[in-house]
4 protein chains.
Amino acid sequence: MRNRERIVTAAREMLVESGADVPLDEIARRAGVGNATVYRHFPDRTTLVHEVVVFVMGRVADSAERAAEEERDPFAAVRRFTHEAADERIGALCPILAGVFHPDEPCVAAARERLENAVRSLFDRAQSAGRMRPDVAVADLLVALSQLTRPLPGTACPANDQFVHRHLQLLLDGLEAPARSELPGTPATLEGLRHPVPLEAARQ
Amino acid sequence: MRNRERIVTAAREMLVESGADVPLDEIARRAGVGNATVYRHFPDRTTLVHEVVVFVMGRVADSAERAAEEERDPFAAVRRFTHEAADERIGALCPILAGVFHPDEPCVAAARERLENAVRSLFDRAQSAGRMRPDVAVADLLVALSQLTRPLPGTACPANDQFVHRHLQLLLDGLEAPARSELPGTPATLEGLRHPVPLEAARQ
Amino acid sequence: MRNRERIVTAAREMLVESGADVPLDEIARRAGVGNATVYRHFPDRTTLVHEVVVFVMGRVADSAERAAEEERDPFAAVRRFTHEAADERIGALCPILAGVFHPDEPCVAAARERLENAVRSLFDRAQSAGRMRPDVAVADLLVALSQLTRPLPGTACPANDQFVHRHLQLLLDGLEAPARSELPGTPATLEGLRHPVPLEAARQ
Amino acid sequence: MRNRERIVTAAREMLVESGADVPLDEIARRAGVGNATVYRHFPDRTTLVHEVVVFVMGRVADSAERAAEEERDPFAAVRRFTHEAADERIGALCPILAGVFHPDEPCVAAARERLENAVRSLFDRAQSAGRMRPDVAVADLLVALSQLTRPLPGTACPANDQFVHRHLQLLLDGLEAPARSELPGTPATLEGLRHPVPLEAARQ
DNA sequence: TATGAATGAGATTTCATTCAT
DNA sequence: CATGAATGAAATCTCATTCAT
């Protein structure tokens with residue numbers, strides 16, 4: 001069905017432009033279908049968002065795989081992936097990564113796993129080559145990346161787009177070996193984000 | 001009198017835990033007062049949020065000033081400030097910094113200015129001493145810091161607290177001179193966040 | 001108690017300026033007292049409004065009595081009374097006359113009776129002298145007068161003040177004998193306004 | 001489709017019976033629909049009221065045009081129009097005429113203009129024929145008519161319906177030439193009602 | 001007595017979701 | 001299949017009235 005695709009596309013655009021709380025009717029309008037048609041394809045709003053998330057995660061995973069193939073330098077691959085993921089607006093799915101939407105959904109879980117694996121291979125290569133500090137994990141990058149590219153609420157447009165890539169560069173510079181500082185706690189895991197955790201105030 | 005404080009405190013807690021869209025009734029319940037009592041003290045929701053924002057910004061500015069006084073090493077001061085700001089949950093006011101709530105409000109503008117100035121003196125010292133790369137501006141840190149510590153939606157609790165300080169360390173490492181990469185675009189300014197800007201996809 | 005008077009005065013002013021739905025807090029503020037003080041003097045909002053009504057009715061009755069004494073021509077007395085009542089803003093108590101607020105309250109009933117009697121004597125004189133058509137009753141004038149001078153909702157000021165006296169003149173001209181038309185139904189009585197009546201569409 | 005009409009009808013009835021501040025929920029209940037259904041058809045309360053106003057004004061203008069066509073005697077046409085307008089409950093839109101609701105809305109403005117023109121032709125004919133005093137304007141009648149038929153607040157029912165037509169007759173008698181009194185001020189204009197005017201206390 | 005503060009009930013409006021065609 | 005229409009639940013805000021000092 002052509003409609004299903006148009007809905008997902010519209011949803012992605014609106015989520016990215018207007019934040020996570022766009023009215024469903026506006027998504028439908030953008031897709032050029034009636035609102036009830038959305039419900040014919042997705043049982044509820046969450047499911048639609050999941051679909052978008054899975055779609056974006058797939059494109060981001062693609063990006064990671066392409067970077068692994070095409071970039072010679074292992075850390076350059078990490079940089080390229082990071083910036084491309086930002087352009088895919090991975091930040092719009094931040095809430096999902098954090099388990100706000102149920103990541104137990106098989107499709108979501110699968111997409112996440114594929115993404116993690118793709119990025120992990122970038123990490124392994126860079127860390128093995130000594131091009132990246134060894135005390136960080138895949139989820140550290142994914143979470144920080146998601147937060148840094150997360151759109152602001154309000155209809156207009158994420159005002160900080162202008163600066164996102166600057167901040168990613170800073171983060172990446174910090175990721176490139178050797179480390180200047182010790183990282184507190186243990187490496188992040190996406191699983192670890194599933195449930196509330198006490199704030200551990202480790203420092204310097 | 002006492003109630004006003006309790007409301008602000010409750011509001012700060014809930015904003016920090018549950019994001020910027022907590023129902024006002026829940027803030028009231030948390031404060032142990034009726035919802036109308038909130039409206040006795042604050043003409044509308046926005047005003048209450050502003051109050052919280054000004055309060056938090058003030059504490060963060062305090063933190064910056066203390067760090068400037070007490071830390072010998074100029075970059076250590078920057079690190080200390082950054083982590084303390086995270087603990088103050090500065091990320092909860094991300095939307096404000098971006099102009100979603102009216103930053104023209106005199107109190108908000110004043111608080112922001114004071115904060116910027118306090119952090120600027122940290123920056124100047126660190127950059128003059130060659131301890132921080134020169135191509136970053138105060139707003140770069142404030143925005144990245146806000147985004148990285150921004151709470152997730154949903155009532156539960158910011159799931160990624162566990163990792164926030166790790167990611168800040170990475171960012172700080174990237175901030176510490178010398179730079180490994182070129183930063184795209186021009187340094188961020190908080191003013192620049194006031195209006196939508198075309199996504200400039202500069203890279204590596 | 002000085003306060004009681006100030007409250008009634010303030011209430012009269014606000015009712016007249018801003019219509020019947022002024023918040024009680026604003027009346028209190030105008031009176032320069034706390035809102036609870038109003039409740040010390042009047043058990044509820046309605047009672048306060050009653051008081052205002054009784055006060056205004058008293059002044060209007062005064063006006064009728066003065067007109068009876070001082071005007072030679074019997075219909076000139078009716079004209080004078082009518083315009084003076086308009087200036088007292090009798091229209092602001094329209095709802096009362098119609099029984100919306102309980103006119104069984106002894107004070108209200110007494111004030112109304114006194115007013116009716118005062119105006120009745122104006123009527124009797126004018127009608128006996130053949131200066132006023134005989135098929136109208138006191139309540140006809142009082143009701144029409146109240147409606148024509150009734151303030152419009154909205155905070156500002158009754159926009160039609162400019163024209164009120166013109167319209168009263170037209171009404172009075174119609175009241176002056178001899179009649180050009182037959183009046184449908186029976187003469188109005190204030191009592192008759194107490195309960196809903198089927199719309200009788202008599203004409204011409 | 002059918003619902004929209006039922007809502008407008010219900011709104012008209014309730015506005016007419018209970019005044020301009022009927023809760024929207026009661027209109028919805030009367031129409032037999034959920035409250036949100038009202039919002040599907042009208043973006044907000046004001047828009048719905050505007051619709052009713054335009055509708056009623058249209059019927060009243062129809063009435064004026066019919067009267068002009070069908071009545072031989074020019075002043076009989078004015079009388080007929082006046083009473084028919086009362087039956088259409090034109091008084092319920094008093095607030096609009098006075099600019100409380102935005103009369104700049106194109107539809108409202110258009111409807112008002114049409115009404116004024118229709119009544120003006122009645123006036124011109126009657127005044128040219130010497131059947132109506134020359135010192136009154138269309139707005140004088142429309143405003144006085146609106147006020148005299150204006151519904152009282154409170155859910156019950158317009159208590160003074162019984163007498164409305166009597167009072168209109170008196171007004172009309174005063175309107176019929178020759179004048180017994182001088183009218184103070186200048187003829188009313190609906191435009192003149194748009195903004196507060198100082199109370200001019202001209203008399204006799 | 002006087003008052004600032006507190007509050008619950010109600011009004012407007014929005015939105016995810018269901019229904020009827 | 002597709003859709004416009006319908007709706008109840010929830011969020012913001014107002015105000016008459018009560019409470020505590």
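These numbers come from the heavy atoms of this one structure, side chains and all, not from hydrogens, waters or symmetry mates. Letters A, B, ... are given to chains in the order of the sequence lines, protein chains preceding strands, and every chain is numbered from 1.
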Dump every N/O contact between nucleotides 11-13 of chain F and the protein below 3.5 Å, one line per pair.
residue : atom : partner : partner atom : Å
F:dT12  : OP1  : B:Arg45 : NE           : 2.7
F:dT12  : OP2  : B:Leu24 : N            : 3.0
F:dC13  : OP2  : B:Tyr39 : OH           : 3.1
F:dC13  : OP2  : B:Arg45 : N            : 3.0
F:dC13  : N4   : B:Asn35 : ND2          : 3.2

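- Between the side chain of A:Arg150 and the backbone N or O of A:Ala92 there is no donor-acceptor pair closer than 3.5 Å.
- Atom P of nucleotide F:dA2 and atom CZ of A:Arg29 are separated by 20 Å, given to the nearest angstrom.
- Exactly one of D:Arg89, D:Arg12, D:Arg30 qualifies for a salt bridge (Lys or Arg N to Asp or Glu O under 4.0 Å) with D:Glu17. That residue is D:Arg30.
- Dashed line: the shortest gap from a side-chain N or O of C:Arg40 to OP1 or OP2 of E:dT1 is under 4.0 Å.
- Using a 4.0 Å cut-off, some side-chain N or O of C:His41 falls inside it from OP1 or OP2 of E:dA2.
- Rounded to whole angstrom, the span from the CE atom of C:Met14 across to the C1' atom of F:dC15 amounts to 14 Å.
- For DNA chain F, the stems formed by at least three consecutive Watson-Crick or G-U pairs, with both atom-pair distances below 3.5 Å, span E:2-21 with F:2-21.
- For D:Thr47 (side chain) and D:Pro43 (main-chain N/O), no donor-acceptor pair under 3.5 Å exists by modelled atom type.
- Atom C1' of nucleotide F:dT7 and atom CD1 of D:Ile7 are separated by 12 Å, given to the nearest angstrom.
- Put simply, A:Asn3 has no side-chain N or O that comes within less than 4.0 Å of OP1 or OP2 on F:dC1.
- Side-chain atoms of D:Gln147 do not come within 3.5 Å of backbone N or O of D:Gly91 as any donor-acceptor pair.
- In this structure, A:Phe42 atom CZ and E:dT18 atom C1' are separated by 18 Å, rounded to whole Å.
- Comparing atom distances between the B:Ala36 side chain and each of F:dT14, F:dG4, E:dT1 picks out F:dT14 as nearest.
- Counting to the nearest Å, the P atom of F:dG4 and the CZ atom of D:Arg4 are 16 Å from each other.
- Taking a cutoff of 4.0 Å between a charged side-chain nitrogen and a carboxylate oxygen, D:Glu51 and D:Arg4 qualify as a salt bridge.
- Considering D:Val16, D:Asp21, D:Val22, D:Leu15 in turn, D:Val22 is the only one that fulfils the side chain to side chain contact (heavy atoms under 4.5 Å, CB included) rule with D:Ser18.
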Trace of the side-chain contact (heavy atoms from CB on, under 4.5 Å) decision for B:Phe42 with B:Ile7:
CA-CA 10 Å; B:Phe42 305 94; B:Ile7 291 169; 3.8 Å; yes

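- Between the CZ atom of B:Arg2 and the C1' atom of F:dA20 there is a distance of 17 Å, rounded to whole Å.
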Does the pair D:Tyr39 and D:Leu24 meet the rule for a side-chain contact (heavy atoms from CB on, under 4.5 Å), with working shown?
CA-CA 10 Å; D:Tyr39 283 92; D:Leu24 197 110; 3.2 Å; yes

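- Distance alone, capped at 3.5 Å, is enough to place a donor-acceptor pair between the D:Thr9 side chain and the D:Glu5 backbone.
- Phosphate contact (OP1/OP2 of E:dA5, side-chain N/O of B:Thr37, threshold under 4.0 Å): absent.
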